[in-house]
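These numbers come from a predicted model, not from an experiment. The basis for the numbers below is simple: all heavy atoms, side chains too, and nothing from hydrogens, waters or symmetry mates.
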Amino acid sequence: MKRNIVIATITAVALIGGGTATAIAVSGDDEAPAKKTVSVSNDDNDRDDVNDTDTDSDDTAREKAADKAEDKAEDRAARDTDQDAEDKAENAAEAKAGQVTAADAIRTALDHKSGTAVSADLDDEGTNLVWDVDVLTGGGKWFSVQVDPGTGKVLGSQADRDDDGDDAAETAQIKAALKGSSVTAAEAAEAGAAKGTVTSVDLDEEGADQAWEVDTTAADGTGSDWRVNLDSGKLTADRSND
């Protein structure tokens, strides 16, 4: 009886730790102790589970690193490398003065004049900066709405004259580009804001790859050019000048 208890105990230990155990069975009589060797092999599933978890973590880390590297590459591709120190200083001052974002200026302009915003630019008007938002009404008329970049108030609006006689063709092209698209000018501006202060949003309706063109300015005045897909809203570097 004692012999069986000892063997069972050592076998249990071997099952927990794995490997080989030697049990000495002792009987109640004068017989010599009997040795019994028990070999136990543990299943490695638990360790495999740990390794799988480590592998998943490594894969996630690699994916994050790859995404970060891709973002940096996009940033470099979008950067305007032709700017000198004076241009950067001017750009930085303009961006700082534009307390009202491009997206907010567009929404304000549309509240004032109903239609579709096709462009928004932070422009010099004499000695002052204004947001100049071009709005195409449902009736096919063009209006330019000026919004104060400091207060967000509408400064004025006026109908655009067709001086060169090509408004009809341009309007048709713009309507065709925007037909069925799901991303507005304001949403394109919001997408670009992740890369800096948006100073311009404009529709590129002429290229094969139609998109919103977005200009941003970093804190140091460095400008970057981006494209926002009309359907997905995906932001990519504008490589048209590469």
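Nearest heavy atom pair, residue Gly192 against residue Thr216, reads O-CG2, 3.4 Å. Considering all non-hydrogen atoms of both residues, Val201 and Ala188 come closest at CG1-CB, 4.4 Å. Closest approach of Ala186 and Ala103 over heavy atoms only: O-CB, 3.7 Å. The shortest heavy-atom contact between Ala117 and Trp212 is O-CH2, 3.5 Å. Considering every non-hydrogen atom in both Ala191 and Gly233, the closest pair reads CB-O, 4.3 Å.
To the nearest 0.5 Å, atom CG of residue Asp134 and atom CD1 of residue Ile106 are 10.5 Å apart. We find the OG1-CG distance between Thr236 and Asp209 to be 7.5 Å, quoted to the nearest 0.5 Å.
Under the rule for a side chain to side chain donor-acceptor pair (under 3.5 Å), the partners of Ser144 that lie at least two apart in sequence or sit in another chain are Asp132, Gln146. Remark: Asp202 engages Ser119 in a side-chain contact (heavy atoms from CB on, under 4.5 Å) (not counting sequence neighbours). Asp160 meets the salt bridge (Lys or Arg N to Asp or Glu O under 4.0 Å) test with no other residue; sequence neighbours excluded. Residues passing the side chain to side chain donor-acceptor pair (under 3.5 Å) test with Ser232 are Asn229, sequence neighbours excluded. Residues passing the side-chain contact (heavy atoms from CB on, under 4.5 Å) test with Gln210, sequence neighbours excluded: Ala177, Leu230. Taking the side-chain contact (heavy atoms from CB on, under 4.5 Å) definition, one finds that Asp220 meets it with Ala218, Thr222, sequence neighbours left out. Legend: residues meeting side-chain contact (heavy atoms from CB on, under 4.5 Å) with Thr217, ordered by chain and number and at least two apart, are Asn91, Ala95, Thr199. With sequence neighbours excluded, no residue satisfies side chain to side chain donor-acceptor pair (under 3.5 Å) with Asp124.
Between the side chain of Arg227 and the backbone N or O of Asp204, no donor-acceptor pair lies under 3.5 Å.
At least one side-chain heavy atom of Trp131 sits less than 4.5 Å from a side-chain heavy atom of Leu122. By the 4.5 Å heavy-atom criterion applied to side chains, Lys195 and Val214 are not counted as neighbours. You'll find the side chain of Asp148 stays beyond 4.5 Å of the side chain of Val100, heavy atoms only.
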CA sep, side-chain torsions, deciding dist, call: Val135, Leu110, side chain to side chain contact (heavy atoms under 4.5 Å, CB included) = CA-CA 7 Å; Val135 177; Leu110 292 176; 4.0 Å; yes
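Counting only residues at least two apart or in different chains, side chain to side chain donor-acceptor pair (under 3.5 Å) contacts with residues 169-183 comprise Trp142-Thr171. Identified under the salt bridge (charged side-chain N to carboxylate O under 4.0 Å, His left out) test for residues 104-121, with sequence neighbours left out: Asp104-Arg107, Arg107-Glu190.
Residues Val154 and Val133 share a hydrophobic cluster, clusters being chains of Ile/Leu/Val/Met/Phe/Trp/Tyr side chains in contact below 4.5 Å.
Its side chain within the 4.5 Å cluster rule, Val130 clusters with Leu155 among the Ile, Leu, Val, Met, Phe, Trp and Tyr residues.
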